[in-house]
Undergrad: 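My questions will all concern the structure given below.
Remember, predicted model here, so these are calculated numbers, not experimental data.
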Amino acid sequence: MALIVQKYGGTSVADPDRMRAVAENIAFTKRHGNDVVVVPSAMGKSTDNLIKLANDVSKTQPGRELDMLITTGERISMALLCMALADLGIEAKSFTGSQAGIITDTVHTKAKILEVKGDRVREALADGKVCVVAGFQGISTDKEITSLGRGGSDTTAVALAAALNADACEIYTDVTGVFTADPRIVPQARKLVHVNFDEMLEMAGAGSKVLALRSVEFARNHNVPIHVRSAFTWEHGTWVTSQEPNMEDPIISGVVTDMSEAKVTVVAVPDRPGISAALFEPLAAANVNVDMIVQNTSHDGTTDISFTMPKADKGTAEAIVARWPPRSVPRGSSTMPTSPRSAWSVPA
Ligand code: ADP
Ligand code: ASP
Ligand code: MG
């Protein structure tokens with residue numbers, strides 16, 4: 001008998017019909033002899049709506065109260081799902097994050113999971129029940145309700161799978177798996193049969209929201225295999241595991257965060273050949289090690305240029321950018337640029 005954790009995203013439980021369809025899949029999994037722990041998200045856009053409501057009521061929104069509010073979406077889902085399961089003759093029991101023993105740090109609205117106790121979940125499983133645990137929430141070491149940051153139900157599911165030593169963690173969503181690009185933006189993107197943790201970390205870190213970044217970090221650290229699949233077609237999706245690529249597969253390395261870099265954006269730069277050389281040559285001459293350069297498409301003959309460089313060289317670079325553009329515009333341009341401005345973004 002396997003223990004399977006199933007997480008259902010907001011679209012998958014968006015309305016009563018979806019809730020019943022999800023209950024059917026849970027019942028199917030249970031009737032095939034598996035123990036099942038379910039982690040539902042809030043229905044549809046209800047977390048967005050709760051945040052909007054808070055914004056409409058208040059400018060202050062203490063983190064504790066905001067977490068009290070936004071964690072309610074998942075509580076609604078867990079109770080309704082248990083009711084839909086009861087209709088199918090499946091005994092299920094719902095638990096808030098706190099009742100499931102998901103202990104977090106004290107940082108409201110983006111708390112980190114420190115420990116999953118899971119005693120009540122284990123007891124209910126031993127009693128033959130399906131356990132439905134509200135996603136996206138826990139209880140802090142100060143005994144306050146916390147939320148785990150947007151998309152945090154993925155993290156709840158993977159953390160529970162790790163703590164309960166589950167055989168698999170299924171993440172049901174509104175696409176059929178992990179694709180080479182967001183299939184909603186790039187329709188010709190290919191579904192990947194398998195992705196390893198490092199590749200998935202790179203994709204999540206770069207902003208692909210199919211899996212929350214922290215859930216992938218958790219899965220890699222605790223070696224939890226994840227199956228990303230559709231709650232609409234139920235077909236096999238993408239496995240995310242520790243399996244290394246074959247010798248001849250392209251190798252993708254992990255994401256490296258470099259907090260020693262600053263990003264500079266120079267706006268309203270005239271879009272003419274040679275103008276950027278007039279910026280980067282003096283920077284190179286002053287030994288400022290420019291790393292990445294991004295130039296946007298031009299609008300009305302001007303563009304923005306962003307580049308990254310060591311934070312330690314900020315003073316030198318600032319002086320050069322302040323003197324730029326040069327008196328003579330490169331390559332015979334006839335007009336002087338409108339005054340470009342620079343913006344500095346330096347990570348703490
Ligand atoms: P859920 O509510 O089920 O958690 P999300 O909206 O958080 O769903 O994540 C699923 C979405 O992730 C998809 O609808 C898709 O638009 C987006 N997405 C971004 N990049 C990818 C990718 N590489 N592969 C699959 N989906 C992706
Ligand atoms: N409901 C939460 C959100 O919308 C958590 C989740 O869906 O994973 O961010
Ligand atoms: Mg999500």
Undergrad: Roughly how far, to the nearest 0.5 Å, is the OG1 atom of Thr303 from the CD atom of Gln295?
TA: 4.5 Å
Undergrad: Taking side-chain hydrogen bond (donor to acceptor under 3.5 Å, both in side chains) as the definition, give me every residue that meets it alongside Thr308, ordered by chain and number, with sequence neighbours left out.
TA: Glu261
Undergrad: So, Arg18 side chain and Gly10 main chain: donor-acceptor pair closer than 3.5 Å or not?
TA: no
Undergrad: If only atom types and distance count, is the side chain of Thr60 paired as donor or acceptor with the main-chain N or O of Pro62 below 3.5 Å?
TA: no
Undergrad: How about Thr233 and Glu235: does a side-chain donor come under 3.5 Å of a side-chain acceptor?
TA: yes
Undergrad: Would you check if Thr47 and Ile51 make a side-chain contact, meaning some heavy-atom pair closer than 4.5 Å?
TA: yes
Undergrad: Is there a donor-acceptor contact under 3.5 Å linking the side chains of Thr146 and Thr104?
TA: yes
Undergrad: Mark yes when over 12 heavy atoms from residues, nucleotides or ligands other than Arg31 sit less than 6.0 Å from its CZ; otherwise mark no.
TA: yes
Undergrad: Any sub-3.5 Å donor-acceptor pair from Arg229's side-chain atoms to Trp234's backbone N or O?
TA: yes
Undergrad: What is the ring orientation for His32 with Phe28, classed by angle as parallel under 30°, tilted 30 to 60°, or perpendicular over 60°?
TA: tilted
Undergrad: Between Ser306 and Thr265, do the side chains contain a donor N or O and an acceptor N or O under 3.5 Å apart?
TA: yes
Undergrad: Does the pair Lys7 and Glu170 meet the rule for a salt bridge (Lys or Arg N to Asp or Glu O under 4.0 Å), with working shown?
TA: CA-CA 6 Å; Lys7 178 258 173 177; Glu170 299 182 330; over 6 Å; no
Undergrad: Which pairs count as salt bridge (charged side-chain N to carboxylate O under 4.0 Å, His left out) when at least one residue sits in residues 92-121, sequence neighbours excluded?
TA: Glu115-Lys117, Asp119-Arg122
Undergrad: For a side chain to side chain contact (heavy atoms under 4.5 Å, CB included) with Ser215, tell me which candidate from Thr155, Ile171, Leu148 qualifies.
TA: Thr155
Undergrad: Count I, L, V, M, F, W, Y as connected when their side-chain heavy atoms are under 4.5 Å apart, and connections chain through other members. Are Val121 and Val39 then in the same cluster?
TA: yes
Undergrad: Pair Tyr172, Phe232 - check ring-ring contact (aromatic ring centres under 6.0 Å, His included), show working.
TA: CA-CA 9 Å; Tyr172 286 91; Phe232 292 79; over 10 Å; no
Undergrad: How far apart are the C-alpha atoms of Arg20 and Asp17, what are their side-chain angles, what is the distance that settles it, and do they pass the salt bridge (Lys or Arg N to Asp or Glu O under 4.0 Å) test?
TA: CA-CA 5 Å; Arg20 282 192 291 269; Asp17 284 343; 2.7 Å; yes
Undergrad: Heavy-atom count check: over 12 atoms from other residues, nucleotides or ligands less than 6.0 Å from His236 NE2?
TA: no
Undergrad: Within a radius of less than 6.0 Å around CZ of Arg150, do more than 12 heavy atoms belonging to other residues, nucleotides or ligands occur?
TA: yes
Undergrad: Start with the C-alpha gap between Lys52 and Asp48, add the side-chain angles, then the distance that decides, and say whether salt bridge (Lys or Arg N to Asp or Glu O under 4.0 Å) holds.
TA: CA-CA 6 Å; Lys52 183 173 179 304; Asp48 291 338; over 6 Å; no
Undergrad: Less than 3.5 Å apart, any donor N or O on the side chain of Ser147 or Asp67 sitting next to an acceptor on the other?
TA: yes
Undergrad: So Arg184 and Asp174, salt bridge (Lys or Arg N to Asp or Glu O under 4.0 Å) or not? Walk me through it.
TA: CA-CA 10 Å; Arg184 297 194 187 284; Asp174 55 4; 3.3 Å; yes
Undergrad: May I ask you to check whether over 12 heavy atoms, not counting those of Asp127, lie within 6.0 Å of atom CG?
TA: yes
Undergrad: Hey, what do you get for CD1 (Ile226) to CH2 (Trp239), rounding to the nearest 0.5 Å?
TA: 10.0 Å
Undergrad: Cut-off 3.5 Å, side chains only: do His227 and Thr238 have a donor facing an acceptor?
TA: no
